[in-house]
Amino acid sequence: LDSVTLSINCVHLTEMLKDMCIFAAWVHGDPRKVIYPTDSYGQFCGQKDTLNENKTILFYFNILKCASPVVLINLQCPTTQLCVSKCPDRFATYIDVQASYRYKPDQWNYFRQFCKPGFNNPRKSVAQVLRDEDCPSMIIPSRPFLKRCFPDFSTKNGVLTVANQTTFKDGRGKTRNVTDLREAANGINNVLDARSVGMKIFEDYAISWYWILIGLFIAMIVSLLFLVLLRFTAGVLFWIFIFGVIGIIGYGIWHCYWEYDHLKGIPGSDLTVYDIGFQTDFRVYLQLRQTWLAFMIMLCVVEVIIILMLIFLRNRIRIAIALLKEGSRAIGYIMSTLFYPIVTFILIAICISYWAVTAVFLATSGEPVYKVMANQTLCKYANLTCDPETFNTTNVTKLCPGAQCTFAFYGGESLYHKYIFIFQLANAFVFLWLVNFAIALGQCTLAGAFASYYWASRKPADIPLWPLFSSFGRAIRYHTGSLAFGALILAIVQLIRVILEYLDHKLKGTQNSFTRFLLCCLKCCFWCLEKFLKFINRNAYIMIAIYGKNFCTSAKEAFFLLMRNVVRVAVLDKVTDFLLFLGKILVAGGVGVLAFFFFTQRIPVFAQEAPTLNYYWVPLLTVIIGSYLVAHGFFSVYAMCVDTLFLCFCEDLERNDGSTAKPYFMSASLHRILGKKELSPKKACHF
């Protein structure tokens, strides 16, 4: 397929999947099911222009029937649920309120707001009221959380209480202990404690957000300075690290020899590891001369390998360092590339928003399902589905007195509802495809900008005007299909990995050893395949940006070009990874140390400016993580620059010979490192 045909097909397939998910989700979905709690009649609490507009909180008649907050929030509690304007703030029982309603009407007026709407018959017998669940048998002090009334739990001297009381009347003639609510209390207390901590963290952010932004701005400046200084310090940093490793290993060899010689003549030190066998206390092995001799031999082997690698790969290391310096110089000429990750971030944020909204609509696309709720355990109709409009005309209420047809959950038995999971998978696949396409667009755009720098005869005079915007325009206009095809392949593999993780989670309790082994092998294989495809795609996008060929041709040419230069690839990759990792640690660590001294008020000059915090680690961790992400954003551009220049460098050596007819496009520093022998014509990029 040519690029145009591929572009049309990929775009049509993407639009078809996206339209299918959006149509199904937005037609059947209702996000109000997530935003508002639902009462026993299937009505939303707090929804505007309804009878429940001012009743925003869900109240449970008998919370003792609810096993845990998870049941309250996600499933359904087997008790009547009503929308109320506020939660109860006192203990009361229906028996007591009914008995005193004539001379204490205020208590009845307060209690009946938690009864079914329209019920105002205190003369009705208690047995009938509780049977028909017209009113709750009791109310207990509660507080709203997640728009639901939860008991107001607290601890006093290590004892669980509700409104400072340890007992309460259940409205059925019994006095019960608060510990009867323990199953609900354990989870609720943890949630409420987390809420308290969350409020304190929010306060810390509200006070320190200004200083956090200053810290991230400092991280941005330090990252820019590091990239600029790499032009002068890349070689110094690398060789300092290498000789430091050689020195540390050398000290290890000397220490092993010293221990080996020091144990000479000590009884038992001449025993072998085989003589003493396996010991749980590994310090026993350190008393043997044989152990230190083995350590010394291993360190000597590692030392010799490193020295030999430096001797034989010295020229390749010099070129890798020269490419790093060249990358710093290229970024210096095209500074706008440093801010392109913001565009990628915005595109990915849009993709996440699309996926989240569509997933919510799909998850809430069920219809209300009503089930029979009966007080009698022997009722054969209990938990069966019912229709609230025709329920009173059936004989269920006669066979099961007090039974009600109440809302249970959202679902359905139609063909559409059976395949909601498939729609969710399709939505996830489109999400992965779009995210990978946004990343591919960024890589191709940056590669095109840096390639225009390398292939300029006179740098920077021949660099095109606005190289980043020109490269972005070319990628959108000519390479959309190739980028979408590469993103499609990667998205398929990632979706398979998601399905494997889902199967592993679902079968964790039932799978046998062979199934675990098979799933583990499949997960490992597809993880490796994903890493390989990311590597191939990245270099294919570079070749697309350079030559404008389709994805398959570019991927093949990039792969064989890299295989002809496999040693250079390995050396350059490790040198780049080390320097960029060192830069990220330097930026995040340096800014983190500065933030630590500032937020703990240990800098005398700024002691008065530092805010007073509940947890100083909240802004500190935010600054450290944010600084690392800022540095990663800048350094990802640098890594793309180095990879692009490397492929251009290898192509330059293969296509040109340094003659007047075919001059090299590489910089003078790379030209000097190659030397005279490297200036002869070559078919492959070898040293």
Side-chain angles (χ1 to χ4, degrees), residues 145-146 189-230 331 335-357 359-360 431 435 438-439 442 446 577-640:
F145 181 59
L146 298 177
N189 278 335
N190 292 333
V191 172
L192 295 179
D193 290 341
R195 183 189 182 192
S196 177
V197 173
M199 290 300 297
K200 292 181 179 179
I201 291 176
F202 178 78
E203 292 174 359
D204 289 342
Y205 278 125
I207 296 173
S208 60
W209 67 270
Y210 178 78
W211 298 104
I212 292 174
L213 292 180
I214 292 177
L216 297 180
F217 179 77
I218 294 174
M220 183 183 70
I221 298 300
V222 174
S223 301
L224 288 173
L225 289 176
F226 185 83
L227 291 179
V228 173
L229 292 177
L230 274 181
I331 290 178
M335 291 291 291
S336 58
T337 55
L338 290 175
F339 301 97
Y340 185 83
I342 298 176
V343 177
T344 302
F345 173 80
I346 293 174
L347 292 176
I348 293 178
I350 294 174
C351 295
I352 294 175
S353 301
Y354 151 76
W355 167 79
V357 171
V360 168
F431 165 71
V435 169
I439 295 174
L446 293 174
D577 288 346
F578 161 70
L579 289 178
L580 296 185
F581 175 76
L582 185 65
K584 294 174 186 178
I585 297 300
L586 176 65
V587 173
V591 177
V593 169
L594 181 63
F596 172 77
F597 282 105
F598 175 78
F599 288 118
T600 56
Q601 300 179 354
R602 299 187 183 186
I603 303 178
V605 179
F606 298 100
Q608 300 297 327
E609 301 291 337
T612 302
L613 304 170
N614 296 302
Y615 310 108
Y616 74 86
W617 51 265
V618 171
L620 178 61
L621 288 180
T622 304
V623 169
I624 293 175
I625 297 174
S627 298
Y628 184 87
L629 294 177
V630 169
H632 178 74
F634 283 110
F635 294 167
S636 63
V637 174
Y638 183 78
M640 194 67 197

Could you pull out every donor-acceptor pair under 3.5 Å between side chains of residues 619-631 and any protein atom, sequence neighbours left out?
residue : atom : partner : partner atom : Å
Thr622  : OG1  : Tyr205  : OH           : 2.7
Thr622  : OG1  : Val618  : O            : 2.7
Ser627  : OG   : Val623  : O            : 2.6

task: Kindly write out the residues that satisfy ring pair (Phe, Tyr, Trp, His ring centres under 6.0 Å) with Phe634, not counting sequence neighbours, or none if the list is empty.
output: none
message: A quick test of your reading: do over 12 heavy atoms of other residues, nucleotides or ligands sit less than 6.0 Å from CH2 of Trp211?
response: yes
task: Apply side-chain contact (heavy atoms from CB on, under 4.5 Å) to Ile218 and list each qualifying residue two or more places apart in sequence or on a separate chain.
output: Ile214, Val222, Val591, Leu594
query: According to the side chain to side chain donor-acceptor pair (under 3.5 Å) rule, which pairs have a member within residues 580-598, sequence neighbours left out?
result: Lys584-His632
query: Is any side-chain heavy atom of Ile331 closer than 4.5 Å to a side-chain heavy atom of Tyr638?
result: yes
query: For the residue pair Thr344 and Gly442, what are the closest heavy atoms and their distance?
result: OG1-CA, 4.2 Å
- prompt: Can you tell if the side chain of Phe599 reaches within under 4.5 Å of the side chain of Trp617, non-hydrogen atoms only?
  reply: no
- prompt: What residues form a ring pair (Phe, Tyr, Trp, His ring centres under 6.0 Å) with Trp209, not counting sequence neighbours?
  reply: none
field: Test side-chain contact (heavy atoms from CB on, under 4.5 Å) applied to Ile352 - qualifying residues, sequence neighbours left out
entry: Ile348, Phe431
